[in-house]
There are 2 protein chains.
Amino acid sequence: MALTRSAIVATAMAILDAFGLADLSMRRIAGALGAAPAALYWHFANKQSLLAGVAAELIADLDGPATITPDALSEWCHELRDRLLAHRDGAELVSSVLAMRLLEPTPADLLAGSLIRAGFPTAEAGPAARLVVHFILGHTLDRQGYAQSLQLGVAGPAGPDPDEDFTYGVRLLVAGLSANGTG
Amino acid sequence: MALTRSAIVATAMAILDAFGLADLSMRRIAGALGAAPAALYWHFANKQSLLAGVAAELIADLDGPATITPDALSEWCHELRDRLLAHRDGAELVSSVLAMRLLEPTPADLLAGSLIRAGFPTAEAGPAARLVVHFILGHTLDRQGYAQSLQLGVAGPAGPDPDEDFTYGVRLLVAGLSANGTG
DNA sequence: ACCTGAACACCGTTCAAGT
DNA sequence: ACCTGAACACCGTTCAAGT
């Protein structure tokens, strides 16, 4: 079969799930496709572009919350976290691609749009959305990073339950946004 | 001069500042010290341990906030962010070492301790502190990651002003904590 | 247009051997 | 105790050459 961008991205995603971001090399992707490493460079300018394609698929057809009730906001946060958790090192991949500004619309853009449509002060919707998303990324990065270091055998002792942390954080953020949106 | 752990860490820090985390290799650290790469492995078990030493120095003698007024909390957040910004890729380095649980006390531990001493509900101090720290790390990671990708020449268009985002985020978090601490 | 082969300039880590 | 030399098994990327 011919080498296509989407076949390459799908193969990369499979390697990510099976072996993690550290083992997601151009050589390994090419090997899994039965191609020479250099072949990938006809389809992607560099490794970052390829990773951007994987990250885009990871959060494909994510929408902003439909309504801005506390429950809907909280559910959206959990959905974003679950998408990141669904793939090994998902948070690290997505946050690095977001940092490069290679992924649009960003999850924060989607959330900000929903906030504005619900009457949230326009100037504050962006910063508020990025606050929420940075917490979700920071939290999930930590959680997946610990799992990664366990497998490498370099991890220190385990910390507190991440699910409790996440639920608490989302509740406090949602309460803060509600106070702001109505105030 | 003899190779010591602290001389190695200091050299690594200098390379980090000058060239960034991607160029902070064992071979380059050894080269800067006039030693063979393998020499580092007598002093550190692996690269992660060496990086943990650099991260520890980066946040050395950081204290929790002395009082838990909104101003003191906000100032502490800015201080942590400034420490991360003071070294190239500081947030990426610190968050990866934190994820491995190789750094104690963590910034979140320090903040949680201050919160508890000020009468914050004990069970919530940890989650609250980690919410704050994950936002700070997520935010700073994004900011320094964009700077990094600019230098690599793979960056997309710039986003909004990060200082405004940070100030907004800290204000909302501090308001949320105050509501919780007194409620 | 699409891909290979070979090369360039790197990595982290191990381990026998030296002093 | 502390370090070197050499090796092992890798990287991302480029580029002439093939089809």
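Computed over heavy atoms, backbone and side chain alike; hydrogens, waters and symmetry mates excluded.
Rounded to whole Å, the distance from CZ on A/Phe19 to P on D/dA9 is 18 Å. A straight line from CZ of A/Arg28 to P of D/dC10 spans 9 Å, rounded to a whole angstrom. With rounding to whole Å, A/Ile29 atom CD1 is found 11 Å from D/dT13 atom P. Rounded to whole Å, atom P of C/dC10 lies 10 Å from atom CG of B/Asp23. In this structure, A/Trp42 places its CH2 atom 15 Å from C1' of D/dT19, rounding to the nearest Å. One atom, CZ of B/Phe44, and another, P of C/dG12, lie 14 Å apart when rounded to the nearest Å. As a whole-Å value, the separation of A/Lys47 NZ from C/dC11 P is 15 Å. One atom, CG of B/Leu152, and another, C1' of D/dT13, lie 13 Å apart when rounded to the nearest Å.
In this structure, of D/dA7, C/dG5, D/dG12, it is C/dG5 that holds the atom nearest to the side chain of A/Ala38. Set against C/dC3, D/dG5, C/dT13, the side chain of A/Ala39 has C/dC3 as its closest nucleotide.
In this structure, A/Ala35 and B/Tyr41 both approach DNA chain C, and ranking their closest nucleotides by distance from the 5' end singles out A/Ala35. When each of B/Gly34 and A/Asn46 is assigned the nucleotide of DNA chain D with its nearest heavy atom, B/Gly34 is the one assigned upstream, toward the 5' end.
Ring geometry for B/His134 versus A/His139: interplanar angle over 60°, hence perpendicular rather than tilted (30 to 60°).
A 3.5 Å limit on both hydrogen-bonding distances identifies C/dT14 as the Watson-Crick or G-U partner of D/dA6. When both distances must be under 3.5 Å, the Watson-Crick or G-U wobble mate of C/dA1 is D/dT19.
Put simply, A/His43 has a side-chain N or O that comes within less than 4.0 Å of OP1 or OP2 on C/dC3.
In summary, the side chains of A/Gln148 and A/Arg143 do not present any donor paired with an acceptor at a separation below 3.5 Å, with no hydrogens or angles considered. With 3.5 Å as the limit, one finds a donor-acceptor pair spanning the side chains of A/Thr106 and A/Asp109.
Residue A/Phe44 is not grouped with residue A/Trp42 when hydrophobic side chains (ILVMFWY) are merged at heavy-atom distances under 4.5 angstrom, including chains of intermediate members.
Between D/dA9 and C/dC10, the two C1' atoms lie 13 Å apart (nearest whole Å).
For the atom pair CG of B/Leu102 and OG of B/Ser49, the computed distance is 6.0 Å after rounding to the nearest 0.5 Å.
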